[in-house]
Number of protein chains: 2
Amino acid sequence: MYERFPEPSDHEALHKGMPQTGRQLLADVSLPAAVIHEPALAHNLAWMQAFCEAQGARLAPHGKTTLCPELFRRQLDAGAWGITLATAPQCRAAFQHGVRRLLMANQLVGQANMAIAAELIEAGADFYCVVDSVENVDQLARYFSARGLRLQVLIELGMPGGRCGCRDTDEVMALAERIDSEQALVLAGLEGYEGVVHGDDPERSVRAYAWQLVEVAQGLERDALFEHPAPLLTASGSAWYDLIAGVFREARLGQQFVPVLRPGCYVVHDHGIYRQAQREVLARQPALQRGLKPALEVFAQVLSLPEPGLAIVGMGKRDIAHDQLPEPLRRYREGDERARPLSVEGWRVTKLMDQHAFVRLPAGDEAMGGGRVRVGDIVAFGASHPCLTFDKWRRLCLVDARLEVMEVMHTCF
Amino acid sequence: MYERFPEPSDHEALHKGMPQTGRQLLADVSLPAAVIHEPALAHNLAWMQAFCEAQGARLAPHGKTTLCPELFRRQLDAGAWGITLATAPQCRAAFQHGVRRLLMANQLVGQANMAIAAELIEAGADFYCVVDSVENVDQLARYFSARGLRLQVLIELGMPGGRCGCRDTDEVMALAERIDSEQALVLAGLEGYEGVVHGDDPERSVRAYAWQLVEVAQGLERDALFEHPAPLLTASGSAWYDLIAGVFREARLGQQFVPVLRPGCYVVHDHGIYRQAQREVLARQPALQRGLKPALEVFAQVLSLPEPGLAIVGMGKRDIAHDQLPEPLRRYREGDERARPLSVEGWRVTKLMDQHAFVRLPAGDEAMGGGRVRVGDIVAFGASHPCLTFDKWRRLCLVDARLEVMEVMHTCF
C-alpha cells in the first residue's frame, strides 16, 4: 500500500508542529507545539548575563539544555563568553552554527568522537574538554599526537559518591603531571560540577566544594602545571550558580584565573525543580531583584471529554518532560485572536501516555471563568525540567504577548 | 564569540550519531548510537505478519512507535495493509514517504490538523481517523464540507475509566446517527484500544471488550449505519493482540468486516514490559513457535571509572527510554573488529541523568570474561519501551551480526 518513498524536497516539513512565522498560535499552528515566550526569554537572557557580570564571572551557558542555535546566538549576543556542551556531536552542531568557543564539560571518549573534536580544532574552534583518568589522558594523547594537534583539557574534580571526576587532590596532581608530560595535551584549567552534591546541608557542601576547586586550582598554578596563559576555573549547573559565583568572587580569582559559570536551564527556566531552586537563590541573595521567568510551555488541545471530570489532551511523553507530571497553566478557545486566557483552576494531570495526557477536572467546571471546557480547547502546560522538553522537538515557536509566532527556532538533537 | 550562523548545506549532518553505512559500530561510529539488529528485525517483521495472516486479520502496525519510514517500508513489503499513526503530522510524514493507507487511531482536533488531513485526502491518501463526541463530529463536518471533501471516520468505543472513546453502546449509536446525517463524513468502521484495560483479570476484560466491539459493530451494520463498503473493525496494541485476534476470528467477521490489528512495538520488541507481555502471549498461545526478539539497543561508552564499583557511561535520558532503568546486555572493547561480547554479569544501572548513566559494577570485575573494564569500553543497553527510545533519535544504525552498519534509518518525530 505504498507507491514510492521519495526523498522529500523539504525534509524539515515532515516534523511535528511545522509552525511558520506570522501565524497565530491559537488558530494556525498544528498542536501540540512547543512555545517560547519572547518577553520572558529576553528577561532571562539579560538577567543571567547581568548576574555573571556583577559577580566578575564569564558565562558559558550549558547548550545541552536547548541545543537550539537561535538561542545560542541570543546568548552570545547578550554577552556570553562561549557555549558549554555535553558531547562531541553537540559541539559540532554548535560550531556549524557559528559558535567558536566550545566548552565540552564532559570526557571525550572514543575514536569517532575524538575525530569530531579534531575536525573542530582544525577548523578553528577554541575547544576544551575535561579529563579525569590516566587511561583517557593516554587515549587522547595518542590520538591527538597522531593527528599533529594539541587538545586543551581541563581536569575534572569530582566528589566521593558523585559522577565523573578525580576524587581528591592527589589524583588531580598526578593527572596534571601526566598531562604535562604529553606534548599533545594542554592543561587549560580545572572543572567541577556541584549539581551532584548530596547530604543534609547541600548549601554548605556546595560552598565547600567550590573552595576545594579554588584551592586545587591554586595548587596547580603554584606547581606551574597549567600550560594555558589564562587557565579556566569553571563549575555550576542551574541550581547553585550563585554559591559557586560567590566563592569564586570571594577568592579574588580575577587576575589568576578566568572564572566561568555554566547554568543552562535559566534561559527558559521551568515550572518545577528549577523554579524551586530559583526561589532558594533569591532567598540566599536578597540583593537580586525579580528572578527568572518560565518561558517554555507546550500547547495542546482537548481531544475528548469522555466522562464527567476527565479531559484527554493530545500531548504525551513524546512532547514534554515527564520526570514530573506537567502542570496545566491556562486555557484558551481555539481561534481566539485576542488570546484571552481562561482559568484551569483545579485542573490536574494524573497520567501521561506516549501521545495523551489525562487531566482531572474539578466538579462544576461550567462555572469557571470562560465557560465549560470544549473539545478543541487549547491548554498551555508547564513542566520540569526544560532539557527534557527541548529534546522532544525539532522546531519551537517563539511567540509574542499576543501569541503570534515571531520566529521558528530549531534544535540539533 | 561567533562569526556567523550559516545554514549548513547538510543540516542532517548536525545530529548526534551521524553514522554512515559500511562503518563498524565498535570503531567508526560516534557513540552513543541507537542500533537495530537486522536479523532480529527481519524475524519480527515476518513473525507478526504470519501471525495476523493465520488469524485472518489485516496488520496496520502502529507507526508512532518508530516514525521511521524505512521501517514502514519493510512493514508494507512484508504484507502490512496500512500504517497506523497517532497525529496528523505523523500521517503527513508517513504519506510523504509513500504510505498511502493511513489509519489515525486518534481524534482529529484543531483547524491546522484538519488542514493536514484534508491535504492528504486531496493528494490521494486512504485516510481514516476516529471520533468519540458530537462536538468533534460537528467540527469535522463543518471543516470538511467547507473544503468539499469527505472524511472517513471510525467511532471509538472506549471503556469506563479508560482513555478516549464512547463509554457505551447508546453513545455509539447516537454518534453514528449524527455522522449519518453529515454529508461530509463517512462512517467507515469501529475502533477500540484495549491497552487501557484495568482490573484484576485483564485477560478476561480484554476478551469481553473485544466481544463488545464485535457486537457494537454488528449493531451498526444491522442498522445500516456504515457507509463504507467494507467497514473496519480494529483494535489492539502490543500486549494483547492475540486475544483481540482470537475474538475477531471466533466471531467469523471475515465477510462482514475487515479486521485490523495495530501492534507497533513488535517490530523491534523490547527488554521490559513488552518482553513480559510476549511471554504471556506465548503462554496463552502454545501453538506459536519462538516469539519476538529484542532488536533495538543503545550502544554507549564508559567515560569514567571514578570509584571502585562505579562506571559512568555516556548515555542518558536523552538517548534511551527511561520509564524503567535500562539494562546492560553486553560489553565490547572499542575497535574489536571481531565484535566479541564480554560479560556484564552483575552490572546494574542505578541512575540516569540527561547525558550520563551510573552503572554499579560487581566486586572483582577483573575476573569477568574479557578482563577488567576500561574507559572507552562499549556497553549495549536494552530498554523499555521502544517508542520512547526511537523518539530520542533522528538516525538509527541497522547492523548485521558482525555489527557493521548496513543502513542508516531516520525518524520523523
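Computed over heavy atoms, backbone and side chain alike; hydrogens, waters and symmetry mates excluded. Chain naming here is simple, since letters A, B, ... match the order of the sequence lines and numbering starts at 1 in each.
When all heavy atoms of R394(B) and F413(A) are compared, the pair lying nearest together is NE-O, 2.9 Å. Nearest heavy atom pair, residue Q301(A) against residue N113(B), reads OE1-ND2, 4.2 Å. In terms of heavy atoms, Q111(A) sits closest to E334(B) at N-OE2, 2.7 Å. E135(B) and V375(A) make their closest contact through OE1-N, 3.3 Å (heavy atoms, listed as atom of the first residue, atom of the second, distance).
A115(B) does not touch chain A: none of its heavy atoms, backbone or side chain, sits under 4.5 Å away. Neither the backbone nor the side chain of A88(B) comes within contact range of chain A; no heavy atoms are under 4.5 Å apart. Proximity to chain B (any heavy atom under 4.5 Å) is restricted, for M353(A), to the side chain, taken from C-beta onward. Of the atoms belonging to L310(A), it is side-chain heavy atoms, and not backbone ones, that fall under 4.5 Å from chain B.
In this structure, OH in Y193(A) is found 9.5 Å from NE2 in H356(B), a value given to the nearest 0.5 Å. Considering NZ of K64(A) and CG of D354(B), their distance stands at 3.5 Å, rounded to 0.5 Å. In this structure, M315(B) CE and T87(A) OG1 are separated by 14.5 Å, a value rounded to the nearest 0.5 Å.
More than 12 heavy atoms of other residues, nucleotides or ligands shown are found within 6.0 angstrom of CZ on R163(A).
For the pair C387(B)/R318(A), a side-chain contact is recorded, criterion being any heavy-atom separation below 4.5 Å from C-beta on. When side chains are defined from C-beta on, D391(B) does not count as touching K317(A), because their heavy atoms never get closer than 4.5 Å.
Scanning residues 302-309 of chain A against chain B with a 4.5 Å heavy-atom cutoff picks out V302(A), L303(A), S304(A), L305(A), P306(A), E307(A), ordered by number.
In terms of heavy-atom pairs under 4.5 angstrom with chain B, the leader among C166(A), G161(A), G314(A), G165(A) is G161(A). Ranked by heavy-atom pairs under 4.5 Å with chain A, the list A86(B), G110(B), G376(B) is led by G110(B). Per-residue counts of heavy-atom pairs under 4.5 Å with chain A were compared for R167(B), E156(B), H385(B); the largest is that of R167(B). The candidate from L67(B), D28(B), N136(B), N106(B) with the greatest count of non-hydrogen atom pairs under 4.5 Å with chain A is N106(B).
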